[in-house]
Amino acid sequence: MKGNRSGILVFVERPPFSEPFEPLVEEMVEIARSAGRSITLVVPCRVRNPFPRYYLSRGKVEEIRELIAAHAPDFVLINIEITPSQQRNLEEAWGIPVCTKQAVIHEIFAQRARTAQGKIKVELARLRYELSRLTGKGTELSRTGGGIGTRGPGEQKIEVERRKIKDRIAFLTRELRRIEQQAFTQKGLRRKLGVLQVAIVGYTNAGKSTLMNALTGSRVYAGARMFATLDPTSRRLFVPGIGDVILIDTVGFIREMPETIKDAFRSTLEEVKEADVILEVI
Ligand SMILES: Nc1nc2c(ncn2[C@@H]2O[C@H](COP(=O)(O)OP(=O)(O)OP(=O)(O)O)[C@@H](O)[C@H]2O)c(=O)[nH]1
Ligand SMILES: [Mg+2]
């Protein structure tokens, strides 16, 4: 945990502005808190058409600059994805770091990962995120850079960076497949023995791990923070009349899970798909 960092949440609302946004603000504040960041001020902000330079209007950027001068926060969190250049422009205008929802979710996952498998998945998610941001930067640079058909030095550097990330992704993907293959063999064995598989699913913080602990007397980590569980954990449980079943505790989800994280945890979702019973905690 990186201590008590406090910041301002700029909560962008997009058309049609029909959904009540308070629950979404609460969720965003909770996500930040789970990453060790506290939100001391929320600035709601309706954006009909994003502006290219800051995403927000100049007026809004100025209004927030004054709030920053008055409250001296450590960071500004913004609930939507902006381009790397918009992020840079905002950081220059405000003089403090700007982070996005997706980056904060990645922070949480990085803090929580314990097993080799979990750590690889989290790194893969982060690398894919970086790669997508890099692609954005490349086109930005080539637009401002040399003429048609030429590749500026900026773009070449990005190409090298992109290659490095892609190589690392390929390596980690192979590693992950190897680890999952072993787990798969164990699972196959259990299935052959005809043991019923029960997957516990639900929103993060719903109480999945607590339920699993209560039922099986195990001590899987359960906590008030979001995304306490990253790695699926299996425990045996004897159910009178049925016999032994395997309970599987899984990673929790939120409404708009970043694609990078969904991709990384695909195997967990597949595990749920293969279960005989799905137990949803609400
Ligand atoms: N009041 C109340 N609190 C509960 C109950 N079950 C769990 N909690 C609390 O809710 C918080 C989250 O519990 P977890 O079991 O970690 O939730 P989870 O669904 O595993 O969450 P993730 O692993 O983060 O997705 C903890 O602080 C628990 O103490 C319940 O039945 N009643
Ligand atoms: Mg849990």
Side-chain angles (χ1 to χ4, degrees), residues 1-2 4-5 9 23-39 77 79 99-126 129 176 179-180 183 186-187 196-237 239 245-282:
M1 210 59 41
K2 293 188 190 113
N4 256 346
R5 293 172 301 168
L9 167 62
L24 295 171
V25 168
E26 252 169 54
E27 181 181 71
M28 196 60 242
V29 169
E30 194 49 40
I31 290 172
R33 195 182 72 85
S34 294
R37 296 171 178 267
S38 68
I39 299 296
L77 169 61
N79 63 315
C99 56
T100 64
K101 173 180 174 182
Q102 191 160 348
V104 172
I105 293 179
H106 282 208
E107 264 179 40
I108 303 175
F109 275 72
Q111 287 168 12
R112 302 285 192 273
R114 289 285 172 271
T115 64
Q117 196 175 348
K119 282 180 185 159
I120 291 177
K121 285 178 188 170
V122 169
E123 190 179 345
L124 275 173
R126 188 179 53 78
Y129 179 59
L176 189 60
I179 298 174
E180 284 180 343
Q186 283 175 5
K187 264 181 260 160
L196 208 68
Q197 314 268 323
V198 181
I200 308 176
V201 303
Y203 195 83
T204 182
N205 246 336
K208 299 181 292 298
S209 301
T210 308
L211 178 68
M212 163 117 148
N213 288 341
L215 288 174
T216 64
S218 57
R219 289 218 217 123
V220 170
Y221 177 74
R225 290 176 177 238
M226 290 172 130
F227 307 118
T229 307
L230 289 198
D231 307 304
T233 315
S234 309
R235 290 285 182 277
R236 198 173 279 265
L237 171 69
V239 183
V245 303
I246 298 287
L247 279 186
I248 309 163
D249 185 20
T250 64
V251 63
F253 277 79
I254 54 173
R255 228 178 307 191
E256 285 165 11
M257 204 67 169
E259 283 301 319
T260 45
I261 298 279
K262 270 198 246 170
D263 262 358
F265 287 84
R266 185 134 309 188
S267 61
T268 309
L269 297 177
E270 269 156 22
E271 190 146 4
V272 171
K273 247 182 12 202
E274 283 172 19
D276 304 298
V277 178
I278 295 175
L279 183 62
E280 188 181 1
V281 179
I282 47 174

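Each ligand, and each atom within it, is numbered from 1 in the order the structure gives.
- Closer than 4.0 Å to atom 11 (C) of ligand 1 lies at least one heavy atom of the protein.
- By the definition of a contact as any protein heavy atom under 4.0 Å away, atom 5 (C) of ligand 1 is not in contact.
- Numbered from 1 in the order shown, with element, the atoms of ligand 1 that lie under 4.0 Å from a heavy atom of R225 read 24 (O).
- Around atom 24 (O) of ligand 1, the closest heavy atom drawn from G252, A228, A206 belongs to A228.
- Atoms of ligand 1 found under 4.0 Å from any heavy atom of M226 (numbered from 1 in listed order, with element): 24 (O).
- Aromatic pair F227/F253: ring centres not closer than 6.0 Å.
- In this structure, S218 and R235 approach most closely via the heavy-atom pair CB-NE, 3.3 Å.
- Side chain to side chain, T100 and Y129 meet the donor-acceptor criterion of an N or O pair below 3.5 Å.
- Comment: E256 engages K101 in a salt bridge, judged by a side-chain N to carboxylate O separation of less than 4.0 angstrom.
- Within 4.0 Å of atom 2 (C) of ligand 1, not a single protein heavy atom is present.
- Taking 4.5 Å as the limit, some side-chain heavy atom of E180 sits within range of a side-chain heavy atom of Q117.
- Here the heavy atom of the protein found nearest to atom 15 (O) of ligand 1 is T210 OG1, 2.5 Å.
- With a cut-off of 2.8 Å, the Mg ion (ligand 2) has an N, O or S atom of S209 in range.
- One side chain, T260 or Q102, offers a donor N or O that lies under 3.5 Å from an acceptor on the other.
- For the pair N205 and G223, the tightest heavy-atom approach, listed with the atom from each and the gap, is OD1-O, 3.2 Å.
- Taking only nitrogen or oxygen atoms, main chain and side chain alike, S209 reaches within less than 3.5 Å of ligand 1.
- Here the options are I248, L269, I200, V251, the test is side chain to side chain contact (heavy atoms under 4.5 Å, CB included), and the partner is P232; only I248 passes.
- D249 and S209 form a side-chain donor-acceptor contact under 3.5 Å, judged by distance and modelled atom types alone.
- Taking all atoms of both residues into account, the shortest heavy-atom contact from R255 to P23 is NH2-CB, 4.5 Å.
- Counting protein heavy atoms only, atom 17 (O) of ligand 1 is closest to G207 N, 3.1 Å.
- Residue-ligand proximity, A222 to ligand 1, at heavy-atom distances under 4.0 Å covers atoms 14 (P), 15 (O), 16 (O).
- Within a 4.0 Å radius of atom 31 (O) of ligand 1, the protein contributes no non-hydrogen atoms.
- Look at R5 and E107 and you find a salt bridge, because one of the NZ, NE, NH1 or NH2 atoms lies within 4.0 Å of a carboxylate O, short of that distance.
- Taking backbone and side-chain atoms together, T229 has an N/O/S atom less than 2.8 Å away from the Mg ion (ligand 2).
- Atom 23 (O) of ligand 1 has as its closest protein heavy atom T229 OG1, 2.7 Å.
- Ligand 1 has a nitrogen or oxygen under 3.5 angstrom from a nitrogen or oxygen of G223.
- The protein non-hydrogen atom at the shortest distance from atom 25 (O) of ligand 1 is K208 NZ, 3.0 Å.
- Looking from atom 21 (O) of ligand 1 to the surrounding protein, the closest heavy atom is N205 N, 2.9 Å.
- Taking every non-hydrogen atom of F227 and a distance limit under 4.0 Å, the qualifying atoms of ligand 1 come out as 24 (O).
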